Amino acid sequence: MNDCLFCKIVNKEIPASIVFEDDKVLAFLDINPVSIGHTLVVPKEHSESIEDISTSALCDTMSALPTIAKGVVSGVGVKAYNLGSNVGKEAGQAIMHTHFHIIPREDGDGLKLWPQRQYTDQSEQEETANKIRQAIPIDKT
Ligand code: AMP
Ligand code: ZN
């Protein structure tokens, strides 16, 4: 994808602070980090998100993630991290090339996870679970 920023980083057309690279996966520092060492892990093959990524690119990326994450936290000297992916504009995805955020965390860093709420009642919870269950395709072959 010619106009994709992360493809340009993959192709070394624009610079990035690369921390890991193999033939399928690249990891580099986020230019506007949530915390020091905030790293983005991307498959080299272009896809918009886990909605359209190839199984092989997803497997390659997921396989690389723990090793990269261990390096990130060890390198910056913390023990914990948030691992996440924004899928879709409404969820905050700004760059439409599949990527995973590794965000180093430590006690007292002041970062808050997203706010939680409660279901109105048990039936709302059960109806929601039913709708999701029915919407998940199950391969019974
Ligand atoms: P998302 O909102 O999940 O799409 O995340 C995109 C991330 O890419 C943001 O956290 C940006 O700070 C980061 N970003 C944007 N441009 C660059 C760049 N040139 N190099 C490194 N990170 C970038
Ligand atoms: Zn791309």
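Keep in mind it's a predicted model, so treat the numbers as computed, not measured. For reference, positions follow the sequence shown, starting with 1. Both counts, for ligands and for their atoms, begin at 1 and track the order of listing. Heavy-atom basis, side chains included; hydrogens, waters and symmetry copies ignored.
In summary, the atoms of ligand 1 found under 4.0 Å from a heavy atom of Asn32, numbered by their order in the structure, are 12 (O). Under a 4.0 Å criterion applied to the non-hydrogen atoms of Asn86, ligand 1 contributes the atoms 1 (P), 2 (O), 3 (O). Set against the non-hydrogen atoms of Phe28, the atoms of ligand 1 under 4.0 Å away are 21 (C). Residue His101 has at least one heavy-atom neighbour below 4.0 Å for each of these atoms of ligand 1: 1 (P), 3 (O), 5 (O), 10 (O). Within ligand 1, the atoms closer than 4.0 Å to a non-hydrogen atom of Leu5 are 16 (N), 17 (C), 19 (N), numbered from 1 in the order shown.
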Anything under 3.5 Å between a donor and an acceptor, one on a side chain of residues 55-77, the other on a protein residue two or more places apart or in another chain? List them.
| unit_1 | atom_1 | unit_2 | atom_2 | d |
| --- | --- | --- | --- | --- |
| Ser56 | OG | Ser54 | OG | 3.4 |
| Thr61 | OG1 | Ala57 | O | 2.7 |
| Ser63 | OG | Cys59 | O | 2.6 |

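Using a 4.0 Å cut-off between charged side-chain N and carboxylate O, Glu126 and Lys131 make no salt bridge.
The proximity of Phe6 to ligand 1, defined as any non-hydrogen pair under 4.0 Å, is limited to the side chain. For Leu29, every heavy-atom contact with ligand 1 shorter than 4.0 Å involves the backbone, none the side chain.
To the nearest 0.5 Å, the span separating CD1 on Ile9 from CG on Leu40 amounts to 8.0 Å. Rounded to the nearest 0.5 angstrom, Arg105 CZ and Ser35 OG are separated by 7.5 Å. Taking CD of Gln93 as the start and OG of Ser85 as the end, the distance is 6.5 Å to the nearest 0.5 Å.
Gly92 counts as a contact of ligand 1, since one of its heavy atoms falls under 4.0 Å from the ligand.
With His101 as the partner, the side-chain contact (heavy atoms from CB on, under 4.5 Å) test is satisfied by one option alone out of Leu83, Asn82, Asn86: Asn86.
Looking only at protein heavy atoms, the nearest one to atom 1 (P) of ligand 1 is His99 NE2, 3.1 Å. When only non-hydrogen protein atoms are considered, atom 4 (O) of ligand 1 lies nearest to Ala94 N, 2.7 Å. When hydrogens are left out, the protein atom nearest atom 17 (C) of ligand 1 is Ile31 CG2, 3.6 Å; that is the closest non-hydrogen contact. The protein heavy atom nearest to atom 7 (C) of ligand 1 is Asp30 OD2, 3.4 Å.
With hydrogens and angles left out, the side-chain atoms of Ser49 and Thr98 include no donor and acceptor closer than 3.5 Å.
No side-chain heavy atom of Glu21 sits under 4.5 Å from any side-chain heavy atom of Val25.
Ring pair His97/His99: centre-to-centre distance not below 6.0 Å.
To the nearest 10 degrees, the angle centred on the Zn ion (ligand 2) between ND1 in His46 and ND1 in His97 reads 100°.
Checked by distance only, ligand 1 and Ile14 stay at 3.5 Å or farther apart across all their nitrogen or oxygen atoms.
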